[in-house]
S.K.: 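Provided herewith is a single structure, encoded as structure tokens, for subsequent inquiry.
Below, each value reflects all heavy atoms present in this structure, side chains not excepted, and no hydrogens, waters or symmetry copies. Chain letters run A, B, ... following the sequence lines, proteins first and then strands; every chain starts at 1. Because the structure is predicted, anything quoted here is derived from the model rather than measured.
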Amino acid sequence: MSNRKLHSITALFDTPDSIMHAAEAVRDAGYQKFDVNTPYPLHGMDDAMGLKPTLLPFTTLFFGLTGLAIAVGFQWYTSGDSIGAISGTTLGLPYWLERYPLVIGGKPLFSLPAFVPVMFELTVLLAALGTVACLIAIFCKLPANGHPLHDSRYMEATSCDRFGLCIEASDPLFDEAKVKAFLEKLGGKDIELIYEAPKLQISPVSTMGFVTVLAVIAIGASGKTWFIYNIMLYQAPWTWMDIQPKAKPQAEMAYLPSGLAMLPPVPGTVARNFMPYAYSSQPEKAGEMLSNPYPKTSESLAKGKTLYNIHCSVCHGYQASGDGRLKGQFPNPPSLHSEKSKNWNDGQFFHVITEGQNVMSGYAKHISVEDRWHIVNYIRALQRALDAKETDLQ
Amino acid sequence: MSLDFSKPIPLFEGKVSLSQLDDAIAAPMEKPDNTRFLMAMGVCSILLAIGGASLFQLLRYGTGSWGLNSPVFWGWAIVNFVFWVGIGHAGTLISAILFLMRQKWRNSIARFAEAMTIFAVITALTFPLLHTGRPWLAHYLLPYPNERAMWVNFRSPLLWDVFAVSTYFTVSLVFWYVGLIPDFATMRDRTKHKIKKFVYSLFSLGWRHSNRHWQHYERTYLILAGLATPLVLSVHSIVSFDFAVSLIPGWHTTIFPPYFVAGAIFSGFAMVVTVLVVVRVVYKLEHIITLDTLERMNKVIMATGLMVGYAYGMEFFIAWYSGVEAEQYVFLNRAFGPYAWAYWIMITCNVVIPQLFWFRQVRRSVGLMFVISIFVNIGMWFERFVITVTSLHRDFLPSSWGYYSPTIWDVGLYIGSFGVFFTGVVLFARFMPVIAMAELKAVAPGAQPTHHHGGHHE
């Protein structure tokens, strides 16, 4: 014992009143490094020890405001209009930084009232976690299982029902004999000398046993996780909900007339925007009777361009000159800039889109009546583009 | 009957010293009754096995194995979620709100109620996760940078719920742990067992009961109580938004947040009474968790029961007063339609039966309060059932009306949820101090100095 450094001298008291009195006396004697250990907080002890008020509430304020700021900023950023749309450029943002503007119920993208719940929750969450983390790590400097006071008779008594006072050897006024006499004079009992814990030769973390335990846990846990996610979850009867007591459209179902789970529409059913075509196999009549109800406005041309590029450009090419991307795999379609095509009227184009011609199949099922007319308008614009009149230049 | 209201009701029965309090609380951990413990765990395992089988069925076949079908797609899973979250509210109420109100009688029951909060919220959280249909994709609920370049919808009450419930769980857990630190230290210094000592040392973080620490610790506890108070009120409000923000008649009601919070406290207190009545007898803690404390709990149950009853009445009044036909129909349909049986079970259990607590003899009868508290929780379960199912099964479009009934798998999962909850409670009661030792000792007779220094400290 004698070669170990003294840490502190402790004394025990039996009643709350006597420890309060003792704490005041130690404070008044000018000691700085002393502590009172009580099984529960005693009212008024902070003043008796001369402690300054705790600064802890400021950490709560700081973390709470941080949580609030994160919530506002995060919701503003992720719900906002995409950066490209705002700046008018195509910024190469990484996909995970893309914003996700969702219009819900006609509310603005930054709709503060709807953001309040998350703002509140994050404020509380960060404030609570931050306060407790600061309490443990900064204000109490825990964990401190290696503190010399542990495993002493003093600690055992103060964590149950007695009240202890301890004066540390690092105090400038400390003198072993004087402190002992002082504590005895105050009525302290069971005076105990606490020595610094012996310095460990090797850290317990680096002992073979501990490392082995860690290794076993690590290998065991990762092995179990690997097994569950890569083997177990793919074993029968686990089917990832693939087997369900319900019918999928293409599944067989013998007792239905179609033989399939999905039912064909009732004969004579007409889908919206897909009225039956009156001039089937009569291209000339279609040319005579049909007239384009849509003027060549810029909206119509823009729609027509989109649809043409999707449906027609594959074979006819972007410029309608018969040089589509499937060139060589199918018989090439003729250029739409021929004299014949130029002399066609809108109704004839409409007929060909609807019913097809030669190897081209009809698009009646894919493109609505309105959209077909927009495509016709766009074809007209393409023809005009390669055959501009002098007046177009003015 | 002669009651003297001028004197405060004593917190303990008989004279107890500080070390006797420690001994009484630590006894179940130091001299455990392993037979009873194993029996309790056996019952819990049976419940868990039933839940596990239902879970397997669910994960294999999907939510189609529940009774969900058009028009009722929110069934028992949602009912159970709201039920368990509600039960969790008592713990935070007792530990935070009653702490701020300086109700010292809370100290003997706060720890247990907080533990019940933790387990109830864990139980509750499983239901919405399973209800998503593919629980292995549940992380989609959280806003994290992802390969889909998508973010969650911050304007949806369901997303608010994710934040509210997870925050509530985290803060409750931290609050509970902060309260446990000094008690772990006390247990560390009591035990001679090497492994126990290691575990208690680990969790006590080397707490020394130092006043330089108590100073910050007490302030932290106060701050946490201050944070948890609005939190507990917000959580069930936000749960009620799941319903109230929609346009379904019977759900679209402004009274929902306060009504849900009152109901949550009502059911939570009832659950605490149900469990504590058993625990105090089994652990011989009758002199600490006194009859006076239980009587106060029963008063809270009655008060919140009256609030809930008021809300039931007010819903009918507003339905009539609003003049909205669909709204009026929904409420008449609740009371007299195909689900009238559920409605009247709810009224009987929640409004009629708690009226017995007007009588002092009933409030102080352990047997009767046990039975009534169970009835309250039956009633509160049916309240959530009535709100969820009766509003959905007949909405605006009579051609899509239907009648919802659960399947055996719904029932199995519900039984399993009790297994999860009670497993937690039983393990907690076996391995941790069920009463906050430090807090309790601080309010014991003669525990505080007789003279006050420098102003009012309370």
S.K.: Name the member of B:Arg190, B:Glu147, B:Arg148 that forms the most heavy-atom pairs with chain A at distances under 4.5 Å.
M.R.: B:Glu147

S.K.: How long is the straight-line distance from CD of B:Gln448 back to CG of A:Asp17, given to the nearest 0.5 Å?
M.R.: 10.0 Å

S.K.: Heavy-atom distance under 4.5 Å to chain B: side chain of A:Met49, backbone, both or neither?
M.R.: side chain

S.K.: For A:Leu129, which atoms come within 4.5 Å of any heavy atom of chain B: side chain, backbone, both, or neither?
M.R.: side chain

S.K.: Given that the side chain runs from C-beta out, which part of B:Thr220 has a heavy atom under 4.5 Å from chain A: side chain, backbone, both or neither?
M.R.: both

S.K.: Relative to chain A, which of B:Ser19, B:Ala444, B:Ala228 shows the most heavy atom pairs under 4.5 Å?
M.R.: B:Ser19

S.K.: Surrounding OH of B:Tyr177 (heavy atoms of other residues, nucleotides or ligands, distance under 6.0 Å), is the total greater than 12?
M.R.: yes

S.K.: Between B:Asn146 and A:Trp96, is there a donor-acceptor pair closer than 3.5 Å when you use the side chain of the first and the backbone of the second?
M.R.: no

S.K.: For atom CZ of B:Phe198, decide whether the heavy atoms of other residues, nucleotides or ligands shown that lie under 6.0 angstrom number more than 12.
M.R.: no

S.K.: So, do A:Leu125 and B:Phe163 sit near enough that their side-chain heavy atoms are less than 4.5 Å apart?
M.R.: no

S.K.: Picking from B:His216, B:Lys441, B:Arg219, which has the most non-hydrogen pairs under 4.5 angstrom with chain A?
M.R.: B:His216

S.K.: Please classify the contact of B:Leu224 with chain A as side chain, backbone, both or neither, using a heavy-atom distance under 4.5 Å.
M.R.: side chain

S.K.: Within the supplied structure, the quantity of interest is the number of heavy atoms (other residues, nucleotides, ligands) at a distance under 6.0 Å from A:Tyr229 OH; does it exceed 12?
M.R.: no

S.K.: Measuring from atom OG of B:Ser204 to atom CG of A:Leu142, what distance do you get when rounded to the nearest 0.5 angstrom?
M.R.: 8.5 Å

S.K.: Is it true that A:Asp151 and B:Lys197 make a salt bridge, defined as a side-chain N closer than 4.0 Å to a carboxylate O?
M.R.: yes

S.K.: Counting only heavy atoms not in B:Ile408, do more than 12 sit closer than 6.0 Å to its CD1 atom?
M.R.: no

S.K.: Checking the side chain of B:Tyr217 only, and the main-chain atoms of A:Leu135 only, is there a donor and an acceptor separated by less than 3.5 Å?
M.R.: no

S.K.: Between A:Pro41, A:Pro143, A:Ala114, who has the most heavy-atom pairs with chain B when the cutoff is under 4.5 Å?
M.R.: A:Pro41

S.K.: Dump the intermediate steps for ring pair (Phe, Tyr, Trp, His ring centres under 6.0 Å) on B:Phe154 and A:Trp76, then the final yes or no.
M.R.: CA-CA 10 Å; B:Phe154 284 108; A:Trp76 164 79; over 10 Å; no

S.K.: So does A:Gln32 have more than 12 non-hydrogen atoms from other groups sitting under 6.0 Å from CD?
M.R.: no

S.K.: In terms of heavy-atom proximity below 4.5 Å to chain A, should B:Glu439 be classed as side chain, backbone, both, or neither?
M.R.: neither

S.K.: Does any non-hydrogen side-chain atom of B:Arg155 lie less than 4.5 Å from one of A:Leu109?
M.R.: yes

S.K.: Rounded to the nearest 0.5 Å, how far does CD of B:Glu218 lie from OH of A:Tyr40?
M.R.: 12.0 Å

S.K.: Using a heavy-atom distance cut-off of less than 4.5 Å, which residues of residues 51-66 of chain A contact chain B?
M.R.: A:Leu51, A:Lys52, A:Pro53, A:Thr54, A:Leu56, A:Pro57, A:Thr60

S.K.: Which distance, rounded to the nearest 0.5 Å, do you find between the CD of A:Gln75 and the CG of B:Asn153?
M.R.: 10.0 Å

S.K.: With a 4.5 Å cut-off on heavy-atom pairs, point out which of A:Thr78, A:Leu42, A:Asp161, A:Val36 contacts chain B the most.
M.R.: A:Thr78

S.K.: A:Phe34 versus chain B, heavy atoms under 4.5 Å apart: side chain, backbone, both or neither?
M.R.: both

S.K.: By a 4.5 Å heavy-atom criterion (distance strictly below it), what part of B:Phe175 contacts chain A: side chain, backbone, both, or neither?
M.R.: neither

S.K.: Which atoms of B:Leu440 are under 4.5 Å from chain A, going by heavy atoms: the side chain, the backbone, both sets, or neither?
M.R.: neither

S.K.: Would you say the side chain of A:Met45 lies within less than 4.5 Å of the side chain of B:Arg212, judging by non-hydrogen atoms?
M.R.: no

S.K.: Does B:Pro449 offer a backbone N or O that forms a donor-acceptor pair with the side chain of A:His43 under 3.5 Å?
M.R.: no

S.K.: Taking side chain as C-beta onward, heavy atoms only, is B:Asn211 less than 4.5 Å from A:Asn37?
M.R.: no

S.K.: Select one option (side chain, backbone, both, neither) describing which atoms of B:Gln215 are under 4.5 Å from chain A's heavy atoms.
M.R.: both

S.K.: B:Trp214 side chain to A:Thr38 main-chain N or O, any donor-acceptor pair under 3.5 Å?
M.R.: yes

S.K.: Do you know which of A:Ala144, A:Gly146, A:Ser79 has the most heavy-atom pairs with chain B at a distance under 4.5 angstrom?
M.R.: A:Ala144

S.K.: Do A:Phe120 and B:Trp160 make the cut of ring centroids closer than 6.0 angstrom?
M.R.: no

S.K.: Which region of B:Asp22, side chain (C-beta onward) or backbone (N, CA, C, O), has a non-hydrogen atom less than 4.5 Å from a non-hydrogen atom of chain A, or is it both or neither?
M.R.: side chain

S.K.: If I take atom CG from residue A:Leu149 and atom OG from residue B:Ser210, how far apart are they, to the nearest 0.5 angstrom?
M.R.: 9.0 Å

S.K.: For B:Pro230, is it the side chain, the backbone, both or neither that has a heavy atom under 4.5 Å from a heavy atom of chain A?
M.R.: both

S.K.: Is there a side-chain contact between B:Ile238 and A:Glu121 (heavy atoms, below 4.5 Å)?
M.R.: yes

S.K.: Is it true that a side-chain atom of B:His209 and a backbone atom of A:Thr158 form a donor plus acceptor pair closer than 3.5 Å?
M.R.: no

S.K.: Rounded at 0.5 Å granularity, tell me how far CG in B:Asp189 sits from SG in A:Cys160.
M.R.: 9.5 Å

S.K.: If you tally heavy-atom pairs under 4.5 Å against chain A, which of B:Ser156, B:Ser234, B:Gly446, B:Pro143 wins?
M.R.: B:Ser234

S.K.: Check each atom of B:Ala447 against the heavy atoms of chain A and say whether the ones under 4.5 Å are side chain, backbone, both or neither.
M.R.: both

S.K.: If we only count heavy atoms from C-beta on, is the B:Arg208 to A:Cys140 side-chain gap below 4.5 Å?
M.R.: no

S.K.: Answer yes or no: are there more than 12 heavy-atom neighbours, outside A:Ile231 itself, under 6.0 Å from its atom CD1?
M.R.: yes

S.K.: Counting heavy-atom pairs closer than 4.5 Å to chain A, which one of B:Ser65, B:Ala438, B:Gly64, B:Ala164 comes out on top?
M.R.: B:Ala164

S.K.: List the steps and the verdict of side chain to side chain donor-acceptor pair (under 3.5 Å) for A:Asn145 and B:Ser201.
M.R.: CA-CA 7 Å; A:Asn145 277 312; B:Ser201 299; 4.6 Å; no

